[in-house]
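Quick notes on the structure that follows.
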Protein chains: 2
Amino acid sequence: MTRKSEDAGRSTIRDVAARAGVSASTVSRVLGGVYPVSASTRSRVLRAVRDLDYVADARAKAVAGVGTPTLAFVLEDITGPSFAHMAYGVEREARRLGHLCLVCTTEGDVQHEVEFVEMMRAQRAAAVILVGGSADTPEYRERTRRMADSLASAGSRLVLCGRPPLGPGAPVTVIEYDNEGGAYALVAHVLAQGHQRVLFLGGGADHTTAQGRERGYLAAHRARGLDPDPALVLHGDFTRDSGHRLMRGAMKQGLEFTAVVAATDMVAAGALTALHEAGLTVPGDISLAGYDDIPFARDLYPALTTVHVPYEELGRLAVRTALGRTPEHPDEHLLLGTHVVVRNSVAPKA
Amino acid sequence: MTRKSEDAGRSTIRDVAARAGVSASTVSRVLGGVYPVSASTRSRVLRAVRDLDYVADARAKAVAGVGTPTLAFVLEDITGPSFAHMAYGVEREARRLGHLCLVCTTEGDVQHEVEFVEMMRAQRAAAVILVGGSADTPEYRERTRRMADSLASAGSRLVLCGRPPLGPGAPVTVIEYDNEGGAYALVAHVLAQGHQRVLFLGGGADHTTAQGRERGYLAAHRARGLDPDPALVLHGDFTRDSGHRLMRGAMKQGLEFTAVVAATDMVAAGALTALHEAGLTVPGDISLAGYDDIPFARDLYPALTTVHVPYEELGRLAVRTALGRTPEHPDEHLLLGTHVVVRNSVAPKA
DNA sequence: TCCATTTCGGCAACCGGTTGCCATCGTGTT
DNA sequence: AACACGATGGCAACCGGTTGCCGAAATGGA
């Protein structure tokens, strides 16, 4: 037991210096590694560091300008499988690039979001990544624009990931994935199986991600010369419960359809259960498709035909783009492609 | 456009002071809010703050001892549904208590874990929460003990969540959930349906969470006077693919069983798909049960009978306990109960 | 009118690091 | 033996805040 008061609390660089019989600057230099220090001094210092179990205060280093950069990730709910994957991508890439990663979930509360972004500005975060669709209102644009400006003026960066862009001139990085295109391809595939009346279980009517997917649904119909019955597009949110509720409602209401396209796999999962509960088989009686290709999609029964979205890649790209932006191309806008993955939940119309 | 060079970069408290014609101390006091400042000075300062869009540097405040506390959360993979829920609980509670929340995924790499904990010590994090089972080796204990000590000596705290505890004397907070008890109840339920040969799809043989669940499986058999066939307990990991692979292997090998208990719902999902692929019905031909009660469990077909683990609560408790510990009871050790939730995947033996 | 008491705000030290600059020391060269 | 020079390591200023302490101004009372 050589330790006594030493481990009573964090020790400072001066404590180390005193113990090694040198000045604080020397300790700093030994630890920094570049400045020339004689072997004997170095070993004495390192000895003291070990004895005291010293670690330099990262915050103090940051103030002095040599800290570990930080990056923040804001999403509504980390519990959703797709965003969890995005979080994974963000965290991995951040770590690869030597950044620390702060997380905040907002539970959809705009106030939380604004406050958190302000905190991140105070933390001098290198970038703040905002994830997930939203209503594209003037209020949204103004608020987001304000966040973008204040981050930019502090040398930081706002990244919009799967969120409505702000129009030209805003200092933001935008990364989107192709909701409309994916939905178009998916619905085209369903229609190609001969289905004429396909129910659409959508998300919020003003939610841009939901809108994109709905547009794809509509466009695919038109491309085949079909005019979809407006009664067939329902609105809810992106949860499993919404899918379950909407599906039950549709059946109770006596709507006619032979296929269902859900705005997300979660919605599809709820819908599938509702279908099963009603004694219907999929795809025998009804075909079903989802969107997102969450890992569970293939373990539903039947395995769900869906649209793959490269969420993890999206997250990685978000941090890479935000951190690696060049003065020439300050405001990048990326659009990632998606592709449909055909499994067993869609069958030709009987 | 009143702004010019102002938004070129972050402004300091001295910039604000200069613009308001006061000293930095006064600005600090106005922003602090408690110290008496005349109305006119205050408004001038606030004006300058708004003009410059000034936010105090959180790192500098931290060095001065008035920062926002931080807390870190380390897990193997945020993509797993159960741990994502725990992360959610941690983040929520951290936010409620005014803490920032850093996240790190280790992908099972011990080295990452150690390095990250060291960074967190440097960040002066209030607590570091380590999540997820592990092999309980001497090497594990020593390494973890070392992390616990060094955090404790820095005034921080290590929290082990669902991880093997370290034995008495280690400065850690331990929060566990009852793996053995839950598995016991679940398997008892299965056996009560008349099944005699129930296959166990386990996790890693040295993984403590997996071991606990396996012990419960064994104990439930013994309690009924049964002696389980060792050939019926298989080992893999906690992934969907492991369940799928193990299940296929068991069938190919011609093992006889009428029920399957999987170590996690993910494993159960993979097993279910394998069963379906083999043309078997659940629970008609084979009964199946999982563990964790992830949200998707009820959307599998049939809805999965499983054991509910209060993951979100676990996360919340972890931060509350770590932050709220008292000098009298420094090292708490909590064990949360679990309960089985009966759905449709287990039926009486034909 | 003068003094006592608040009210208000600035100086300077401090938090825990980093780093530019300079003094010192030892060594090699002529 | 005198001199130059590179290798070391300390002093002090700085990063961007907070706060104890003290003096000046303003206010109130006698």
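Just so it is clear: chains get the letters A, B, ... in the order the sequence lines come, proteins before strands, and each one is counted from 1. Because the structure is a prediction, the values reported are computed rather than measured.
Under a 4.0 Å N-O distance rule, the pair B:Asp57/B:Arg10 does not qualify as a salt bridge. We find that A:Arg96 and A:Glu93 are joined by a salt bridge, their nearest charged nitrogen and carboxylate oxygen being less than 4.0 Å apart. Comment: B:Arg146 does not engage B:Glu118 in a salt bridge, judged by the lack of any side-chain N to carboxylate O separation of less than 4.0 angstrom.
Under the side chain to side chain contact (heavy atoms under 4.5 Å, CB included) rule, A:Thr144 has a single partner from A:Leu158, A:Val117, A:Asp149, A:Val172, which is A:Leu158.
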Self-check item: Criterion salt bridge (charged side-chain N to carboxylate O under 4.0 Å, His left out) on B:Glu107 and A:Arg95, from CA distance to verdict
Solution: CA-CA 12 Å; B:Glu107 302 172 54; A:Arg95 184 149 41 76; 3.1 Å; yes
Quiz item: How does protein contact run along nucleotides 15-22 of chain D, one letter per nucleotide 5' to 3', with B for base contact, S for sugar-phosphate only, - for none, heavy atoms under 4.0 Å?
Solution: BBBSBBB-
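Axis angle between the ends of the helix from C:dT1-D:dA30 to C:dT30-D:dA1, five pairs each and rounded to 10 degrees, works out to 50°.
In this structure, the side chain of A:Asp109 does not engage the main chain of A:Thr106 through any donor-acceptor pair within 3.5 Å. Remark: the backbone N or O of B:Ala126 is paired with a side-chain donor or acceptor of B:Ser156 at under 3.5 angstrom.
Between B:Thr173 and B:Arg157, the side chains place a donor N or O and an acceptor N or O closer than 3.5 Å (distance only, hydrogens not considered).
Nearest to the side chain of B:Thr41, among D:dG9, C:dG9, D:dG10, sits C:dG9.
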